[in-house]
Amino acid sequence: MTTSRDFTDKVVLITGSSSGIGAVTAIEFARLGAQVVVTGRGKDRVSTVAKQCAEASPTGAKALEVVADVTNDDDCRRLVSDTIKTFKKLDILVNNAGRGLVSNIWDEDILDKYELIMNTNLRSVVWLTHLCVEHLEKTKGNIVNVSSIAALKPVGFINLYSMSKSALDMFTKCVALELGPKGIRANNINPGVVKTEAIIISRNVTKEKSDEIYVEMAKMCPMGRVGEPMDVVKAVLYLTSDVASFVTGSNFVVDGGAQCV
Ligand code: NDP
């Protein structure tokens with residue numbers, strides 16, 4: 001039984017855990033007693049977060065570090081096999097790695113952008129879920145996919161991102177349908193704007209400019225602020241714990257009410 005505050009000895013694989021929401025998720029799971037897998041493409045960033053996980057862990061448990069690109073099928077296979085080799089099981093898969101990108105339908109390179117966004121935000125999730133199912137079945141584990149509120153209403157200047165997250169939501173629901181009988185739950189979290197590097201990367205802006213964007217976006221949010229990674233992590237902890245034992249195939253919106261505007 002895992003309550004929302006206790007993940008002792010649970011093995012948790014969080015993609016995109018070298019930064020932002022994923023990094024805070026990994027550290028928080030470690031703090032709550034889990035064995036975590038930290039992964040991303042940059043070795044130094046992965047090591048930094050893994051160290052923070054060990055510091056947060058009540059037993060000083062060492063996180064597994066795996067440098068991997070989720071758009072590379074062999075890297076995903078290695079990510080899962082290293083996890084099982086090290087910890088002998090998998091309880092929770094958090095498909096969090098993802099990226100945004102400004103794209104408009106008239107862009108000359110729209111198909112290149114399509115490949116990048118769909119491979120990162122969707123194809124990788126399909127493949128990793130496929131690879132993890134046999135392990136999650138043994139532990140009656142669960143999956144959380146980090147989507148976006150851009151999945152729930154169209155956003156023109158990030159049309160491909162919006163589409164990829166919408167497809168991700170439907171994939172999660174299909175998987176919940178397929179895996180329910182195996183005792184595996186699968187849910188989406190749909191965050192609104194969260195203060196991470198994502199906006200700097202997706203819009204190719206400076207840190208200063210991203211801060212200005214946050215101020216503007218906060219004005220449009222009923223809660224009067226944009227999200228912090230921990231706002232999303234709390235939802236991850238809820239959905240992956242036994243408190244949510246009858247919750248599967250859901251969209252869990254964490255946006256300070258932005259969607260209602
Ligand atoms: P960050 O840019 O801070 O983190 C993204 C993470 O994904 C990094 O760890 C990055 O690692 C990893 N990543 C990206 N591409 C790849 C790849 N090809 N292979 C492996 N890892 C990869 O952004 P966030 O924390 O904000 O984003 C996390 C998730 O939340 C994403 O799915 C995003 O779409 C979603 N989201 C974010 C929102 C926001 O406002 N921040 C709003 C709604 C949803 P590295 O670059 O080192 O490989």
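Order of appearance sets the numbers: ligands from 1, and atoms from 1 within every ligand.
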Legend entry - SB check Arg45 Glu197 (cutoff 4.0 Å): yes
Inset, instruction - Would you mind reporting whether Leu128 and Val80 have side-chain heavy atoms less than 4.5 Å apart? - result: yes
Legend entry - Residue Gly20 vicinity, atoms of ligand 1 by number, heavy atom under 4.0 Å: 3 (O), 25 (O)
Inset, instruction - Identify the two heavy atoms, one from Leu64 and one from Asp82, that lie closest to each other, and give their separation to 0.1 Å. - result: CD2-O, 3.6 Å
Legend entry - Which of the ligand 1 atoms, numbered from 1, are nearer than 4.0 Å to a heavy atom of Val146: 29 (C), 30 (O), 32 (O), 35 (C)
Legend entry - atom 19 (N) of ligand 1: nearest protein contact (heavy atom, Å): Val70 N, 2.8 Å
Inset, instruction - Keeping the roles fixed (side chain from Asn96, backbone from Gly16), state whether a donor-acceptor pair exists under 3.5 Å. - result: yes
Legend entry - Thr196 contact mode with ligand 1 (heavy-atom cut-off under 4.0 Å): side chain
Inset, instruction - Please confirm whether Pro229 comes under 4.0 Å of ligand 1, counting heavy atoms of the residue only. - result: no
Inset, instruction - Below 4.0 angstrom from a heavy atom of Tyr161, which ligand 1 atoms are there? Numbered from 1 as shown, please. - result: 33 (C), 34 (O), 35 (C), 36 (N), 43 (C), 44 (C)
Legend entry - Numbering as shown, the atoms of ligand 1 that approach Val193 to under 4.0 Å (heavy-atom distance): 40 (O)
Inset, instruction - Kindly give the heavy-atom pair with the smallest separation between Tyr238 and Ala244, and that separation in Å. - result: O-CB, 3.3 Å
Legend entry - Exam field: side chain Asp107 to backbone Asn104, donor-acceptor pair closer than 3.5 Å: yes
Inset, instruction - Among all protein heavy atoms, pick out the one at the shortest distance from atom 43 (C) of ligand 1; state its residue, atom name and that distance to 0.1 Å. - result: Pro191 O, 3.4 Å
Legend entry - Region of Lys165 that comes within reach of ligand 1 [heavy atoms, distance under 4.0 Å]: side chain
Inset, instruction - Please report which non-hydrogen protein atom sits nearest to atom 11 (O) of ligand 1, along with the residue it belongs to and the distance in Å to one decimal place. - result: Ser18 OG, 3.0 Å
Inset, instruction - Could you tell me whether the side chain of Asn119 and the main chain of Arg123 form a donor-acceptor pair under 3.5 Å? - result: no
Inset, instruction - Counting heavy atoms only, name the option from Gly98, Gly227, Gly192 that's nearest to atom 5 (C) of ligand 1. - result: Gly98
Legend entry - Top protein contact for atom 1 (P) of ligand 1, by heavy-atom distance: Ser19 OG, 3.6 Å
Inset, instruction - Could you tell me whether the side chain of Ser17 and the main chain of Ile14 form a donor-acceptor pair under 3.5 Å? - result: yes
Inset, instruction - Could you pull out, from Arg45, Arg41, Arg99, Lys195, the option with a heavy atom nearest to atom 14 (C) of ligand 1? - result: Arg41
Legend entry - atom 31 (C) of ligand 1 - nearest protein heavy atom and its distance: Asn96 O, 3.2 Å
Inset, instruction - Would you check the N or O atoms of Ser148, main chain and side chain alike, for any that come under 3.5 Å of an N or O of ligand 1? - result: no
Inset, instruction - Return yes or no for this condition: an N or O of Asp69 is under 3.5 Å from an N or O of ligand 1. - result: yes
Legend entry - Whether Asn121 side chain and Arg99 backbone form a donor-acceptor pair below 3.5 Å: yes
Inset, instruction - Would you mind checking if Arg185 and Asp242 are paired as a salt bridge, meaning a charged N to carboxylate O distance below 4.0 Å? - result: no
Legend entry - Ala150 heavy atom under 4.0 Å from ligand 1: no
Legend entry - Polar contact flag for Ile201 and ligand 1 (N/O pairs, less than 3.5 Å): no
Inset, instruction - Examine Val194 against ligand 1 and note whether any of their N/O atoms are separated by less than 3.5 Å. - result: yes
Inset, instruction - Number the atoms of ligand 1 from 1 as they appear, then name those within less than 4.0 Å of a heavy atom of Ala68, with their elements. - result: 19 (N), 20 (C)
Legend entry - Under 3.5 Å donor-acceptor, Ser210 side chain and Lys207 backbone: yes
Legend entry - Contact summary for Gly249 and Lys173, nearest pair of heavy atoms: O-NZ, 3.0 Å
Legend entry - Flag, side chain of Arg77 to backbone of Leu131, donor-acceptor distance under 3.5 Å: no
Inset, instruction - Run the numbers for me: atoms of ligand 1, each under 4.0 Å from some heavy atom of Ile21, listed by number. - result: 25 (O), 26 (O), 30 (O)
Legend entry - Pair Lys140 + Asp91: basic N to acidic O under 4.0 Å: no
Inset, instruction - Pick out which of Asn251, Asp169, Thr172 makes a side-chain hydrogen bond (donor to acceptor under 3.5 Å, both in side chains) with Ser147. - result: Asp169
Inset, instruction - May I ask whether Ser147 places a heavy atom under 4.0 Å from ligand 1? - result: yes
Inset, instruction - Just jot down the ligand 1 atoms closer than 4.0 angstrom to any heavy atom of Gly42, in number order. - result: 47 (O)
Legend entry - Which segment of Ile199 sits under 4.0 Å of ligand 1 when only heavy atoms are counted: neither
Inset, instruction - Among all protein heavy atoms, pick the one closest to atom 12 (C) of ligand 1 and tell me residue, atom and distance. - result: Gly16 CA, 3.6 Å
